Number of protein chains: 2
Amino acid sequence: MPRPPAPVEGEKSTRERILDVALELFTHAGYEAVSLREIAQRMNFTKAALYYHFSSKDDILLALHLRLHELGRAGFEDLEADLADPDRWPAAFDLIVATMLANRTLFLFHLRNHSAVERLGPHHDNAEHADLRERLRSILADETVPIELRVRLTCALGAIVGGFVLGGEVFAGLSDDDLGRMVRAAIGDLTGAPARVSAEPPAGGG
Amino acid sequence: MPRPPAPVEGEKSTRERILDVALELFTHAGYEAVSLREIAQRMNFTKAALYYHFSSKDDILLALHLRLHELGRAGFEDLEADLADPDRWPAAFDLIVATMLANRTLFLFHLRNHSAVERLGPHHDNAEHADLRERLRSILADETVPIELRVRLTCALGAIVGGFVLGGEVFAGLSDDDLGRMVRAAIGDLTGAPARVSAEPPAGGG
DNA sequence: GTCTATATTTCGATAGAC
DNA sequence: GTCTATCGAAATATAGAC
């Protein structure tokens with residue numbers, strides 16, 4: 001199989017630029033609906049040239065999936081512990097909100113291409129639970145935590161996704177900063193209510 | 001054996017059974033990834049037979065999309081007015097939660113095949129804003145409503161989707177009734193907090 | 001590293017028998 | 001209403017020139 005070129009300092013490699021184009025196209029139209037010809041066209045070269053950088057179309061999908069893996073290793077080491085304790089939810093959700101806001105497209109890509117990425121699963125058993133989604137599932141399956149709290153967790157995560165995906169689509173004039181603040185306030189109320197039985201009342205947006 | 005296909009009263013038509021199969025396959029694997037051959041195989045007849053019931057693959061997708069349209073006509077006449085006024089949110093969300101819970105697969109199908117359905121858009125201009133999603137967008141674009149409330153609206157809708165999709169996937173042992181109740185409680189906290197700034201305080205119960 | 005050209009497969013869709 | 005057979009288009013992927 002072909003080997004990618006050495007990355008140049010300061011500039012994005014062709015491989016990364018292909019991934020950027022693929023990320024946008026896959027996110028907007030869906031993985032299966034996007035042909036390599038389209039990607040090549042956007043890169044201003046031909047379809048065959050892509051095979052120098054990637055061994056297959058699935059390989060591009062996998063590379064994009066791995067971007068999410070790396071994101072998971074960035075700062076979510078204590079995710080399980082944080083989410084298992086409502087007192088630590090504010091900090092955990094702040095991190096999640098900030099991460100999702102800064103990588104909105106990547107998460108949207110994952111949401112929209114859930115099935116395609118899932119189909120890739122059995123191939124990359126390099127890491128056991130490095131995937132954020134896998135770790136999340138194990139948290140939600142933890143019966144030590146009351147089911148009410150775990151359901152609220154899914155609602156909170158859905159609220160973030162909804163606020164960013166749906167909101168980011170409709171409220172085009174809104175800055176990331178403002179949107180993030182409003183979503184965080186909403187999450188605060190959603191998660192603060194069950195937490196206040198053991199912690200302080202929620203504060204307003206900053 | 002001489003067995004003519006019996007169109008018995010009270011039984012689902014072949015067309016509807018095809019749609020049921022397509023709904024499941026499209027939801028699980030994605031529209032573009034599912035071939036007519038797969039659908040036909042599940043129906044125990046051949047690919048060509050599908051063309052007696054549907055004029056194209058897109059026609060199947062459209063028919064499934066129309067199921068959501070019908071759902072929209074069921075009881076969402078006052079949706080715009082209800083969602084524009086935070087005081088009326090509880091009733092509106094109760095209806096939305098109940099509807100989404102009862103038609104979880106259909107909504108999940110729509111979520112997972114968002115791009116494919118969207119691509120179908122320009123073809124069926126029969127109704128202006130019959131689509132629930134279109135109506136929702138117009139609500140979210142209504143600048144009469146403060147942006148904070150509209151963002152909360154997107155969060156609330158996301159919370160419902162998250163609770164049902166993610167929750168329904170992980171909490172398999174949980175009944176629809178219990179899940180619906182917990183999600184409704186979460187939505188109540190999420191939507192009750194902003195309501196108190198412009199109206200009376202939320203009911204302390206829960 | 002990118003090109004032209006082509007191999008191979010699969011898909012959506014049609015025609016016509018029964 | 002379902003079948004067999006097949007068409008044409010488009011997709012992924014490969015081979016080899018430059």
Side-chain angles (χ1 to χ4, degrees), chain A residues 1-26 28-65 113 115-117 119-120 123, chain B residues 1-9 11-23 25-26 28-65 113 115-117 119-120 123:
Chain A
M1 60 185 74
R3 292 184 47 172
V8 180
E9 300 286 336
E11 264 188 28
K12 272 192 174 177
S13 64
T14 303
R15 182 189 165 94
E16 286 303 312
R17 292 198 302 114
I18 292 173
L19 286 179
D20 288 342
V21 168
L23 175 63
E24 183 190 331
L25 292 178
F26 290 170
H28 192 262
Y31 174 70
E32 326 267 1
V34 175
S35 67
L36 296 182
R37 184 193 130 275
E38 288 179 77
I39 298 176
Q41 208 161 21
R42 280 277 285 267
M43 291 294 298
N44 281 110
F45 51 59
T46 70
K47 188 176 58 174
L50 293 176
Y51 283 92
Y52 176 82
H53 301 276
F54 296 94
S55 63
S56 69
K57 190 186 178 185
D58 274 2
D59 195 32
I60 299 180
L61 184 67
L62 179 60
L64 286 175
H65 178 54
N113 295 282
S115 308
V117 174
R119 200 176 305 122
L120 233 53
H123 287 63
Chain B
M1 53 186 105
R3 215 177 62 180
V8 183
E9 299 283 338
E11 267 189 24
K12 274 190 174 177
S13 65
T14 303
R15 182 188 165 94
E16 287 302 312
R17 291 198 302 116
I18 291 174
L19 286 179
D20 289 341
V21 168
L23 175 63
L25 291 178
F26 289 169
H28 191 262
Y31 174 69
E32 326 267 1
V34 175
S35 68
L36 295 181
R37 183 192 131 276
E38 287 179 80
I39 298 176
Q41 208 161 20
R42 280 277 285 266
M43 291 294 298
N44 281 111
F45 50 59
T46 68
K47 186 176 60 172
L50 292 176
Y51 283 90
Y52 177 82
H53 301 277
F54 296 93
S55 63
S56 69
K57 190 186 179 185
D58 275 2
D59 195 31
I60 299 180
L61 184 67
L62 179 60
L64 287 175
H65 177 55
N113 296 281
S115 308
V117 174
R119 202 176 302 122
L120 232 52
H123 287 63

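Bear in mind that the values here come from a model prediction, so they are computed numbers and not experimental data. Note on naming: letters A, B, ... go to the chains in the order of the sequence lines (proteins, then strands), and numbering restarts at 1 for each one.
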Taking atom [atom2] of [N] as reference, at what distance in whole Å does atom [atom1] of [X] sit?
X: A/Tyr51; N: C/dA7; atom1: OH; atom2: P; value: 17 Å
X: A/Asp59; N: D/dA13; atom1: CG; atom2: P; value: 10 Å
X: B/Glu38; N: C/dT10; atom1: CD; atom2: C1'; value: 11 Å
X: B/Arg17; N: D/dG1; atom1: CZ; atom2: C1'; value: 12 Å
X: A/Tyr52; N: C/dT4; atom1: OH; atom2: P; value: 18 Å
X: B/His53; N: D/dG1; atom1: NE2; atom2: C1'; value: 6 Å
X: A/Lys47; N: D/dA11; atom1: NZ; atom2: C1'; value: 7 Å
X: B/Glu32; N: C/dT10; atom1: CD; atom2: C1'; value: 15 Å

A/Glu24 side chain to A/Val21 backbone, donor-acceptor under 3.5 Å: no
Which of these nucleotides, [options], is closest to any side-chain atom of [X]?
X: B/Ser56; options: C/dA13, C/dC11, C/dT4; value: C/dA13
X: B/Arg37; options: D/dT12, C/dC11, D/dT2; value: C/dC11
X: A/Leu36; options: C/dA15, D/dT12, C/dA13; value: D/dT12
X: A/Ala49; options: C/dT2, D/dC3, D/dT12; value: C/dT2

Sugar-phosphate only, base, or nothing, as touched by B/Phe45 at under 4.0 Å among non-hydrogen atoms: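 Counting heavy atoms under 4.0 Å across all strands, the contact made by B/Phe45 is with sugar-phosphate only.
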Touch class at under 4.0 angstrom, heavy-atom based, for B/Thr46 against every strand present: base
Pair B/Tyr31, B/Asp58: side-chain N/O donor-acceptor within cut-off below 3.5 Å: yes
Side chains of B/Met43 and B/Thr14 in contact at under 4.5 Å (non-hydrogen atoms):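 When only atoms from C-beta onward are counted, B/Thr14 and B/Met43 do touch, with a gap below 4.5 Å.
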Nearest-0.5 Å distance that lies between atom CG in A/Leu120 and atom CG in A/Leu61: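 So the gap between those two atoms works out to 5.0 Å.
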Exceeds 12 heavy-atom contacts within 6.0 angstrom, atom NE2 of B/His53: yes
